[in-house]
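Input: a single structure, listed below in structure tokens.
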Amino acid sequence: MEPQIKPTKLIVAMAFVRDEEGELRPAFEPREMQSEERAGREARLWASSGQYVGAIAWSRSADLTNGVFGDPEVIFQWGAIPDME
């Protein structure tokens with residue numbers, strides 16, 4: 001009997017700025033969070049900081065062994081966010 005591989009949940013938060021041409025770009029690399037609560041809290045802090053034009057936190061299931069990812073579920077979203085694929 002093969003061991004069952006438990007799906008993992010990826011929880012990510014990131015913020016966005018506009019570059020010199022006015023295009024949206026990430027303010028920093030996406031940050032993996034330990035909980036949805038933490039991700040939402042971080043994104044809300046970034047939204048209220050006045051430093052960014054947008055912030056988002058989301059989660060999705062991930063089978064890292066097979067490279068299969070579920071649809072993203074938004075935890076918190078504020079401001080200008082590029083289309084997420």
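These figures come from a predicted structure and were not determined experimentally. Values reported hereafter were calculated over all heavy atoms of this structure, with side chains retained and with hydrogens, waters and symmetry mates removed.
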Subject >> Side-chain heavy atoms of V12 within contact of M33, under 4.5 Å >> reply: no
Original post:
To the nearest 0.5 Å, how far apart are CD in E37 and CD1 in I11?
Top reply: 10.5 Å
**OP:** Check whether any side-chain N or O of R44 sits under 3.5 Å from a backbone N or O of G40 as a donor-acceptor pair, and report yes or no.
**Re:** yes
Subject >> Close side-chain approach of Y52 to F16, heavy-atom, < 4.5 Å >> reply: no
**OP:** Say whether L10 and I75 are linked into one hydrophobic cluster, either directly or through other cluster members, by side-chain heavy-atom distances under 4.5 angstrom.
**Re:** no
Subject >> Non-hydrogen atoms of A39 and A57 that approach each other most closely >> reply: O-CB, 3.5 Å
**OP:** With rounding to the nearest 0.5 Å, note down the distance linking CZ in F76 to CD in E42.
**Re:** 12.0 Å
Subject >> Check: F69 and L64 side chains under 4.5 Å, non-hydrogen atoms >> reply: yes
**OP:** Please check if the side chain of D63 supplies one atom and the backbone of T65 the other of a donor-acceptor pair under 3.5 Å.
**Re:** yes
Subject >> Side-chain donor-acceptor pair present, S59, E73, cut-off under 3.5 Å >> reply: no
Original post:
When you look at CG of D19, are more than 12 heavy atoms from neighbouring residues, nucleotides or ligands closer to it than 6.0 Å?
Top reply: yes
**OP:** Write down the atom of V53, the atom of L24, and the distance for their closest heavy-atom approach.
**Re:** CG2-CD2, 3.5 Å
Original post:
Are W78 and V74 linked, directly or through other ILVMFWY residues, by side chains that come within less than 4.5 angstrom of each other?
Top reply: no
**OP:** Find the distance between CG (D71) and CH2 (W58) and round it off to the nearest 0.5 Å.
**Re:** 13.5 Å
Subject >> Taking every non-hydrogen atom, the tightest pair across A43 and A55 >> reply: O-CB, 3.5 Å
Original post:
Heavy-atom distance under 4.5 Å between the side chains of E29 and M14, does that happen here?
Top reply: no
Original post:
Relative to F28, does R31 satisfy both conditions: NZ or CZ under 6.0 angstrom from the six-membered ring centre, and within 45 degrees of the ring's axis?
Top reply: yes
